[in-house]
Amino acid sequence: MNIKERIEQEAIKAAQKLYGIEENTSVPVQKTRKEFEGDYTLVVFPFTKAARKKPEQIAEEIGHELQESIAEVEAYNVVKGFLNLKLTTDFWVNEIALLQSGGKQRLEKVAAPDKIMVEFSSPNTNKPLHLGHVRNNLLGYSIANILAARGHEVVKANLINDRGIHICKSMLAWQKSGKGETPENSGTKGDKLVAKYYVDFEREYQEEIKQLVAQGMEKDQAKREAPLLKEAQEMLRKWEAGDPEVLSLWKTMNGWVYEGHNKTYESLGVSFDQFYYESNTYLLGKDLINEGLEKGVFYKREDGSVWCDLTADGLDEKLVLRSDGTSVYMTQDIGTAELKYQDYHINRSIYVVGDEQEYHFKVLKLIMQKLQRPYANGIYHLSYGMIDLPTGRMKTREGTVVDADDMIFEMRDVARKQTELLGKTESLSEQELQALYTNLGLGALKYFLLKVDPKKRMVFNPEESIDFQGNTGPFIQYNFTRIKSVERKLGHHLASIAVEQIPDTLSAQERELCMMLYSLNEVLAEAENNYSPAVIANYCYELAKTFSSFYADSPVIREEDAAKRNFRLALIHQIEQTLSFSASLLGITLPEYM
RNA sequence: GGCCCCGUGGCGCAACUGAAUAGCGCAUCAGAUUUCGGCUCUGAGGGUUACAGGUUUGAAUCCUGUCGGGGUCACCA
């Protein structure tokens with residue numbers, strides 16, 4: 001039990017004794033605000049009804065009790081209904097000493113770990129990844145890290161949408177005008193090459209529509225009847241019929257895309273444990289549709305289409321199988337959900353998918369519940385907002401999409417320019433420099449995308465780009481390098497420092513830092529509960545910022561008081577460890593120099 | 001139109017899920033470095049938390065309504 005929980009428990013005990021409050025009364029224990037004296041604050045208002053006394057008096061009485069019952073409470077003061085508790089210096093210093101000596105594990109694992117699958121990325125195979133995918137990838141990767149840090153067993157999955165009309169369009173255009181072009185002979189990244197043909201298709205297709213309209217056809221009809229579209233649909237039929245030539249081309253072109261996507265994943269630093277392909281899973285859902293029909297969860301209409309009536313649940317009727325017997329998106333997802341369970345026996349399944357699909361996942365969960373799947377209640381849609389440009393949404397057709405590779409390249413470039421401007425890295429080799437630019441550029445990008453609450457929409461302005469100063473990834477990285485620099489100056493590892501003497505006093509900043517280090521597990525729990533890496537990002541920043549402020553006016557190596565010096569060395573080592581661990585949850589690497 | 005999400009200083013974000021005078025960064029202004037790394041630190045100005053009611057000892061947070069922005073309601077994925 002941590003100190004906060006003990007304070008809460010003892011406070012309730014005291015209030016029971018003094019005022020006879022009910023056992024399940026909850027009292028908020030929070031960090032004491034800067035302007036007051038203390039470490040933790042108990043809000044006593046919830047006791048006023050039972051006590052029938054003034055809040056000040058209650059706080060005074062509880063404070064007295066707590067000082068008796070908790071040895072670590074050194075002093076207290078009362079401001080209105082707020083009881084501010086100050087813990088002993090010994091307590092904080094010992095906490096650091098324990099971490100430092102390895103007498104206490106940094107991470108508290110959950111008592112009952114879950115088996116969790118986190119599905120993210122899930123790209124189409126007809127185009128490269130863009131900034132929206134980057135947010136998706138970082139969110140998924142980070143939440144998987146956070147859950148694993150909590151002690152859960154996590155499988156990272158990528159469900160690839162590799163079949164359908166979209167890829168046929170690229171294939172058709174390549175067949176018609178590709179002249180055997182490949183990533184190798186053209187020097188073009190595979191995903192970009194396939195996208196080029198997709199764009200070609202769309203251009204020609206639009207041209208055909210225009211001509212048909214010019215000949216007097218209605219636009220909607222022209223869209224349906226354009227010869228190119230017909231050809232693409234014919235190709236899809238051949239694909240479904242297993243036509244060897246079509247399948248071969250499909251495999252080849254998808255292969256190009258995978259190669260391209262993998263490069264992007266690699267440069268982003270994300271990875272997966274399991275890949276699923278819709279071409280493998282799209283038929284699977286049909287068995288469950290039949291099961292649902294037998295159980296009466298679904299019903300069949302005269303035309304043969306299968307539906308699920310969700311009107312009783314406040315939703316509408318949802319198609320789960322087309323009249324021609326082919327599967328829709330929902331059929332696939334039902335099948336994939338089952339497959340995931342068969343493969344891993346997961347009890348929680350997280351889908352990192354944009355918020356435009358909230359309805360879809362609401363329905364999916366409901367259907368799985370109706371099918372009485374054991375994992376149904378564990379389905380969670382980690383929904384996140386779109387990234388907009390100052391001009392509005394990113395649109396493929398208008399060419400306003402921010403490409404992921406370009407973005408990463410540009411971030412690296414800004415990092416390089418910044419670094420060269422500051423000229424503090426002369427000692428680094430060319431290879432180290434390249435690695436550094438990558439770290440800094442990606443650090444800035446990842447922090448920028450992850451610091452915002454996932455559910456919020458965000459605007460990315462390419463003109464203003466991404467800051468490297470203030471509340472940013474590089475700020476965190478910079479403060480880490482300062483600690484590393486102290487270590488080099490010291491001449492031996494900070495890890496070897498043992499805290500043996502208790503300093504007389506701690507500064508406000510030192511206390512603050514101790515509390516922050518102490519609250520890591522609480523922060524992780526909050527990040528898990530809210531499915532929000534932003535909580536971690538915030539924590540990293542606050543920790544780095546508080547360190548920076550501490551470092552500005554507290555000497556470390558130069559400190560003459562031996563007890564203080566030693567404690568500070570241990571403290572910054574713990575900050576360094578915690579910072580690098582927390583940043584790693586966001587996929588951010590902290591460099592030794594910059 | 002039905003349902004869902006969002007609205008916090010000029011801009012970008014916080015606020016531990018109901019508590020103290022709503023925090024931080026950018027930008028603006030004023031300071032700090034021959035000292036462990038200035039991509040830094042200290043300070044100033046800037047807010048009726050979209051608006052109007054309500055619940056509560058206490059509301060940015062909960063409820064109702066209004067306004068504004070977005071999403072979604074396909075035999076697309």
Side-chain angles (χ1 to χ4, degrees), chain A residues 4 28-36 41 43-46 48-49 55 79-82 84 122 124 161 163-166 278 301 303-307 314-316 318-330 332-333 354-360 362 383 385-386 388 393 415 418-419 421-422 424 440 444 448 451-453 455-459 461 464 467-472 474-475 477-479 481-490 519 522-523 525-526 529-530 534-535 537-539 541-542 545 548-559 568-569 572 593-594:
Chain A
K4 225 170 126 175
V29 176
Q30 52 198 250
K31 244 169 81 175
T32 303
R33 284 185 162 239
K34 278 197 212 94
E35 56 270 41
F36 303 100
T41 295
V43 183
V44 302
F45 289 108
T48 49
K49 264 185 215 143
V79 181
K80 293 196 255 180
F82 299 89
N84 302 317
S122 307
N124 287 351
N161 180 13
R163 62 162 220 113
I165 194 75
H166 59 86
E278 289 191 359
R301 288 189 183 168
D303 63 2
S305 58
V306 180
W307 296 74
L315 305 176
D316 52 20
K318 192 77 190 172
L319 178 87
V320 291
L321 201 65
R322 290 195 189 97
S323 52
D324 64 3
T326 61
S327 55
V328 290
Y329 184 37
M330 189 58 76
Q332 277 178 38
D333 263 3
D355 60 9
E356 77 251 331
Q357 294 194 35
E358 274 173 11
Y359 184 75
H360 173 78
K362 208 170 170 179
S383 161
M386 300 286 108
D388 288 321
R393 290 184 78 148
Q418 276 278 338
T419 304
L421 203 68
L422 293 161
K424 285 195 284 191
L440 295 180
F448 178 82
K451 77 170 177 184
V452 181
D453 188 320
K455 68 170 179 282
K456 290 200 174 172
R457 253 186 128 80
M458 60 193 295
V459 177
N461 189 337
E464 293 172 10
D467 283 337
F468 280 65
Q469 263 131 42
N471 186 356
T472 65
F475 175 86
Q477 293 171 316
Y478 171 69
N479 282 294
T481 65
R482 292 168 96 186
I483 297 176
K484 281 295 180 188
S485 171
V486 172
E487 187 164 44
R488 284 191 295 271
K489 197 104 182 172
L490 188 70
S519 68
E522 237 175 280
V523 171
E526 194 194 335
N529 293 336
N530 295 337
V535 172
N538 237 300
Y539 176 75
Y541 174 66
E542 291 295 335
K545 188 177 150 62
S548 193
S549 166
F550 154 80
Y551 193 60
D553 48 32
S554 307
V556 179
I557 291 182
R558 294 194 322 266
E559 173 58 50
R568 285 179 184 167
L569 286 169
I572 65 169
Y593 302 84
M594 64 187 275

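Below, chains carry the letters A, B, ... as their sequence lines are ordered, and counting in each starts from 1. Just so it is clear, the structure is predicted and the values come from calculations on it, not from any experiment.
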> Nearest-Å distance, NZ (A:Lys456) to P (B:G12)?
Replying inline: 11 Å
> Rounded to whole angstrom units, what separation is found between the CG atom of A:Asp316 and the P atom of B:A74?
Replying inline: 7 Å
> What's the closest nucleotide to the A:Arg457 side chain, out of B:C39, B:G70, B:A22?
Replying inline: B:G70
> With a 4.0 Å cut-off on heavy atoms, is A:Ser519 in touch with a base, just the backbone sugar-phosphate, or nothing at all?
Replying inline: nothing
> Under 5.5 Å between ring centres and under 30° between planes: does that hold for A:Phe36 against the base of B:A20?
Replying inline: yes
>> Need one value for A:Thr472: base, sugar-phosphate or nothing, where a base atom within 4.0 Å counts as base even if backbone is also close, heavy atoms only.
In response: nothing
>> At 4.0 Å (heavy atoms only), tell me whether A:Val452 reaches a base, stays on the sugar-phosphate, or touches nothing.
In response: sugar-phosphate
>> Measuring from the side chain of A:Gln30 (C-beta onward, heavy atoms only), which nucleotide among B:A19, B:C75, B:C26 has the closest atom?
In response: B:A19
> Of the nucleotides B:U21, B:U17, B:G25, which one has an atom closest to the side chain of A:Asn530?
Replying inline: B:U17
> What integer distance in Å separates A:Glu356:CD from B:C5:C1'?
Replying inline: 13 Å
> At under 4.0 Å between heavy atoms, what does A:Arg163 touch on the DNA or RNA strands: base, sugar-phosphate, or nothing?
Replying inline: nothing
> Side chains of A:Ile557 and A:Lys489: does their closest heavy-atom pair fall under 4.5 Å?
Replying inline: yes
>> Only pairs with both distances under 3.5 Å count, Watson-Crick or wobble alike; so what is the partner of B:U40 in this structure?
In response: B:A32
> In whole angstroms, how far is the P atom of B:U42 from the CZ atom of A:Phe550?
Replying inline: 13 Å
>> Looking at B:A60, which nucleotide sits across from it as a Watson-Crick or G-U wobble partner, both distances under 3.5 angstrom, or is there none?
In response: none
> Looking for any heavy atom pair under 4.0 Å, which part of the strands does A:Arg558 touch: base, sugar-phosphate only, or nothing?
Replying inline: base
>> When you measure only distances, ignoring hydrogens and angles, does the side chain of A:Ser323 come within 3.5 Å of the base of B:C75 through a donor and an acceptor?
In response: yes
> Does the ring of A:Phe475 lie flat against the base of B:C39, closer than 5.5 Å centre to centre with planes under 30°?
Replying inline: no
> With a non-hydrogen cut-off below 4.0 angstrom, is A:Ser305 in contact with a base, only sugar-phosphate, or nothing?
Replying inline: base
>> Can you see if the side chain of A:Arg393 gets near the phosphate of B:G70 - specifically, an N or O under 4.0 Å from OP1 or OP2?
In response: no
> Do any side-chain nitrogens or oxygens of A:Arg482 fall under 4.0 Å of OP1 or OP2 in B:C39?
Replying inline: no
> A:Tyr539 and A:Glu526: side chain to side chain donor-acceptor pair (under 3.5 Å), yes or no, with the steps?
Replying inline: CA-CA 11 Å; A:Tyr539 176 75; A:Glu526 194 194 335; over 6 Å; no
> Considering heavy-atom distances to RNA chain B, does A:Gln332 or A:Lys4 have its closest nucleotide positioned more toward the 5' end?
Replying inline: A:Lys4
> If the P atom of B:G9 is compared with that of B:A14, how far apart are they to the nearest Å?
Replying inline: 13 Å
> Among the nucleotides B:C16, B:U40, B:C26, which one has an atom lying closest to any side-chain atom of A:Glu526?
Replying inline: B:C16
>> Suppose you measure atom C1' in B:C13 against the same atom in B:C29; what distance do you get, rounded to whole Å?
In response: 23 Å
>> Could you check whether any side-chain heavy atom of A:Phe82 comes within less than 4.5 Å of a side-chain heavy atom of A:Val44, counting everything from C-beta outward?
In response: no
> Among B:A14, B:A22, B:G37, which nucleotide sits nearest the side chain of A:Asp453?
Replying inline: B:A14
>> Between C1' on B:A74 and CE on A:Met330, what's the gap in Å once rounded to a whole number?
In response: 12 Å
>> Just verifying a value: how many Å separate A:Thr32 OG1 and A:Glu35 CD, rounded to the nearest 0.5 Å?
In response: 10.0 Å
> Of A:Lys80 and A:Leu422, whose nearest nucleotide on RNA chain B comes first from the 5' end?
Replying inline: A:Lys80
>> Within the 3.5 Å criterion, strictly below it, is a donor on A:Arg322 or A:Thr326 matched to an acceptor on the partner's side chain?
In response: yes
> Which one is paired to B:G7, where only Watson-Crick or G-U wobble pairs with both distances under 3.5 angstrom count?
Replying inline: B:C67
> Expressed in angstrom and rounded to an integer, what is the separation of A:Lys362 atom NZ from B:C73 atom C1'?
Replying inline: 11 Å
>> What I want to find out is whether A:Lys545 reaches A:Glu542 closely enough, with some N-O distance under 4.0 Å, to be called a salt bridge.
In response: no
> Which part of the nucleic acid, if any, lies within reach of A:Asn84 when heavy atoms closer than 4.0 Å are counted: base, sugar-phosphate only, or nothing?
Replying inline: base
>> Using O4'-C1'-N9-C4 for purines and O4'-C1'-N1-C2 for pyrimidines, with syn meaning within 90° of 0, is B:U17 syn or anti?
In response: syn
> Less than 4.5 Å apart, any side-chain heavy atom of A:Tyr478 and any of A:Ser548?
Replying inline: no
>> Could you tell me the Watson-Crick or G-U partner of B:C24, where both distances fall under 3.5 Å? Say none if there is no partner.
In response: B:G12
> When we call it a touch if two heavy atoms are under 4.0 Å apart, what does A:Val43 touch: a base, just sugar-phosphate, or nothing?
Replying inline: base
> Within the structure shown, what part of the strands sits under 4.0 Å from A:Tyr541 by heavy-atom distance: base, sugar-phosphate, or nothing?
Replying inline: sugar-phosphate
>> Expressed as a whole number of angstroms, how long is the span from A:Gln469:CD to B:G25:C1'?
In response: 11 Å
> If you measure from the P atom in B:U55 to the same atom in B:U72, how many Å do you get, rounded?
Replying inline: 39 Å
>> Between B:G46 and B:A22, how far apart are the two P atoms, rounded to whole Å?
In response: 13 Å
> Should A:Lys455 and A:Asp453 count as an ion pair when the cut-off is N to O under 4.0 Å?
Replying inline: yes
>> Is any side-chain heavy atom of A:Ile572 closer than 4.5 Å to one of A:Tyr551?
In response: no
> Tell me: OH of A:Tyr359 to C1' of B:A77, nearest whole Å?
Replying inline: 16 Å
>> Counting the atoms with a prime plus P, OP1 and OP2 as sugar-phosphate, which does A:Ser549 contact under 4.0 Å by heavy atoms, base, sugar-phosphate, or nothing?
In response: sugar-phosphate
>> Students often get this wrong, so: under 4.0 angstrom with heavy atoms, is A:Glu278 touching a base, only sugar-phosphate, or nothing?
In response: sugar-phosphate
> For atom P, what is the distance between B:A44 and B:G1, given to the nearest Å?
Replying inline: 48 Å
> Which of these nucleotides, B:G25, B:A19, B:C36, is closest to any side-chain atom of A:Ile557?
Replying inline: B:C36
> If you measure from the P atom in B:G69 to the same atom in B:A27, how many Å do you get, rounded?
Replying inline: 31 Å
> Do A:Tyr359 and A:Asp316 have side-chain atoms, one donor and one acceptor, less than 3.5 Å apart?
Replying inline: yes
>> Please classify the nucleic acid contact of A:Lys455 as base, sugar-phosphate, or nothing, using heavy-atom distances under 4.0 Å.
In response: sugar-phosphate
> How far, in whole Å, is B:G47 from B:G10 if one measures between their C1' atoms?
Replying inline: 12 Å
> With a 3.5 Å cut-off and just heavy-atom distances, do the side chain of A:Thr41 and the base of B:A20 make a donor-acceptor pair?
Replying inline: yes
>> Using atom P in both nucleotides, what's the gap between B:A20 and B:U61 to the nearest angstrom?
In response: 13 Å
> Partner of B:U55 by Watson-Crick or G-U wobble geometry, both contacts under 3.5 Å, or none?
Replying inline: none
> Can A:Phe45 be called stacked on B:G58 when the rule is centres closer than 5.5 Å and an angle between planes below 30°?
Replying inline: no
>> Using a heavy-atom cut-off of 4.0 Å across all strands, would you classify A:Lys49 as base, sugar-phosphate, or nothing?
In response: nothing
> If you look at every strand shown and take non-hydrogen atoms under 4.0 Å, does A:Asp553 touch a base, only sugar-phosphate, or nothing?
Replying inline: nothing
